[in-house]
Amino acid sequence: MPELPEVETVRRGLESILLGARISNVVVRNRRLRWPIPPDFEAQLVGLSLVSVERRSKYLLFRLSATEFVRAVAPRMTSQPGIAVNPLPQVVGTLLAHLGMTGSFIAHRADSLPAPRTHDHVDLHLTARDRPYVLRYNDPRRFGSMHFFEGNDAAQPLLAHLGPEPLTDALDAAYLYRETRRRTGPIKQALMDNSLVVGVGNIYANESLFRAGIHPNRAANRISLARHVRLVREVKAVLTEAIAAGGSTLRDFVNTAGERGYFQLDYFVYGRDGKPCKVCGTPLKLMRHGGRATVFCPTCQR
DNA sequence: AAATAATCCTGCGGGC
DNA sequence: TGCCCGCAGGATTATT
């Protein structure tokens with residue numbers, strides 16, 4: 001179940017393999033994702049080359065150019081405001097994709113492409129450095145989405161109302177404190193509200209609150225600035241550590257090479273209700289926020 | 001404006 | 001063994 005660290009893991013994998021690749025063909029087997037894949041999707045993509053893969057919230061943005069170019073020797077770091085090694089061609093459009101709950105992109109060498117299996121909805125045929133690949137999108141639950149757009153990100157309804165990225169300076173304690181003054185609901189749900197801050201789903205909300213020692217039920221506007229400082233620090237830390245571990249693999253997450261992540265081994269609370277707290281030994285409790293399981297330590301979290 | 005509920009979907013695991 | 005049911009959950013949309 002991809003959250004920000006899993007999407008970032010996928011982004012890095014895609015860039016490392018497919019930067020500069022030209023899309024030669026697009027095969028859509030099932031258009032019925034979260035929103036239907038538009039009928040002109042395939043025609044819009046064929047012939048374009050991959051300039052970069054960026055991430056905004058849990059969306060992947062494949063920046064595409066009409067002109068082919070040679071991949072730079074050093075990969076361009078798009079997660080940080082980096083310096084392009086070579087001048088990059090002009091972006092003419094963007095493939096916007098979301099993995100939903102169960103989506104995955106796997107890059108196959110074209111000469112060892114398996115026969116399509118159930119839920120293999122989209123194949124992007126690409127050629128990178130004269131080597132043909134097929135980037136295959138699989139999504140059993142079809143909560144993911146995919147479409148192409150031209151123009152500014154801000155004009156995209158899906159991107160227009162997103163809060164700041166948690167791993168940038170746009171998220172700090174002063175911001176979170178200020179923006180929660182009128183929120184009387186549980187901090188857990190505020191953290192998961194994408195208009196406040198993006199990329200923190202159920203798993204990492206649980207983990208961040210535990211590590212910050214904050215009870216998930218505490219009203220957001222009744223948390224002091226000092227405790228917001230700690231919360232912001234832990235949100236950033238838990239996401240950063242999860243990215244370093246290649247994300248979390250519960251049932252089904254795999255990266256672009258089909259490999260699993262390992263951060264689930266470091267969970268303090270998620271999925272551990274009834275088990276002893278790793279810090280104090282108290283049995284962890286389960287409650288629900290908006291249908292989502294919340295696990296917390298009644299001793300460590302206040 | 002904020003909070004809550006309903007909705008989409010398939011796979012899996014528990015209970016009987 | 002097999003069937004039913006609840007649950008998993010991101011994010012939009014609708015409703016209060």
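Each chain gets a letter, A, B and so on, in the order its sequence line appears, and its residues count up from 1.
Checked by atom type and distance alone, the side chain of A:H215 pairs as donor or acceptor with a backbone atom of A:N217 at under 3.5 Å. Of the possible donor and acceptor atoms, one in the side chain of A:R31 sits under 3.5 Å from a partner among the backbone N and O of A:P38.
The six-membered or imidazole ring of A:Y137 lies near that of A:F105, with a centre-to-centre distance under 6.0 Å.
Between the base of C:dG10 and the side chain of A:R141 there is no donor-acceptor pair shorter than 3.5 Å.
By the side-chain contact (heavy atoms from CB on, under 4.5 Å) test, A:N25 is found to be paired with A:V27, A:H125, residues two or more places apart in sequence or in another chain being considered.
Rounded to 10 degrees, the angle between the two end axes of the helix from B:dA2-C:dT16 to B:dC16-C:dG2 is 50°, with five pairs used at each end.
Whole-Å rounding puts the A:R272 CZ to C:dA8 C1' distance at 19 Å. Distance, A:D273 CG to C:dA8 C1': 13 Å, rounded to whole Å. Going from atom CG of A:L99 over to atom P of B:dC9 covers 19 Å, rounded to whole Å. Protein atom CZ of A:R32 is 6 Å distant from nucleotide atom P of B:dC9, rounded to whole Å. Separating the NE2 atom of A:H98 from the C1' atom of B:dC8 is a distance of 14 Å, rounded to the nearest angstrom. When the C1' atom of C:dT13 is taken as reference, atom CG of A:L158 falls 13 Å away, rounded to whole Å. Separating the CZ atom of A:R34 from the C1' atom of C:dT12 is a distance of 5 Å, rounded to the nearest angstrom. The separation between A:N202 atom CG and C:dG10 atom C1' is 10 Å, rounded to whole Å.
More than 12 non-hydrogen atoms from other residues, nucleotides or ligands lie less than 6.0 angstrom from NZ of A:K236. Within a 6.0 Å radius of CZ in A:R181, other residues, nucleotides and ligands contribute more than 12 heavy atoms. Atom CZ of A:R222 has 12 or fewer heavy atoms from other residues, nucleotides or ligands within 6.0 Å.
Residue A:R142 places none of its side-chain N or O atoms closer than 4.0 Å to OP1 or OP2 of C:dG10. For B:dA3, neither phosphate oxygen OP1 nor OP2 lies less than 4.0 angstrom from any side-chain nitrogen or oxygen of A:Q189. Contact annotation: A:H289 does not reach the phosphate of B:dT4 (side-chain N/O to OP1 or OP2, under 4.0 Å).
For the 3.5 Å distance criterion, the side chains of A:H147 and A:Q44 fail to qualify, holding no donor opposite an acceptor. Inspection of the A:K58 and A:N194 side chains reveals no N or O donor paired with an N or O acceptor under 3.5 Å.
Nearest nucleotide to the side chain of A:Y59, out of B:dT10, C:dG10, C:dT12: C:dT12. Nearest to the side-chain atoms of A:P140 among the listed nucleotides C:dA11, C:dT12, B:dT10 stands B:dT10. The side chain of A:F143 has B:dC8 as its nearest neighbour among B:dC8, C:dA8, B:dG11.
Residues from residues 176-186 of chain A placing a heavy atom under 4.0 Å of any atom in DNA chain B, listed by number, are A:R182, A:R183, A:T184, A:G185.
Salt bridge present: A:E15 and A:R11 bring a charged side-chain N and a carboxylate O closer than 4.0 Å.
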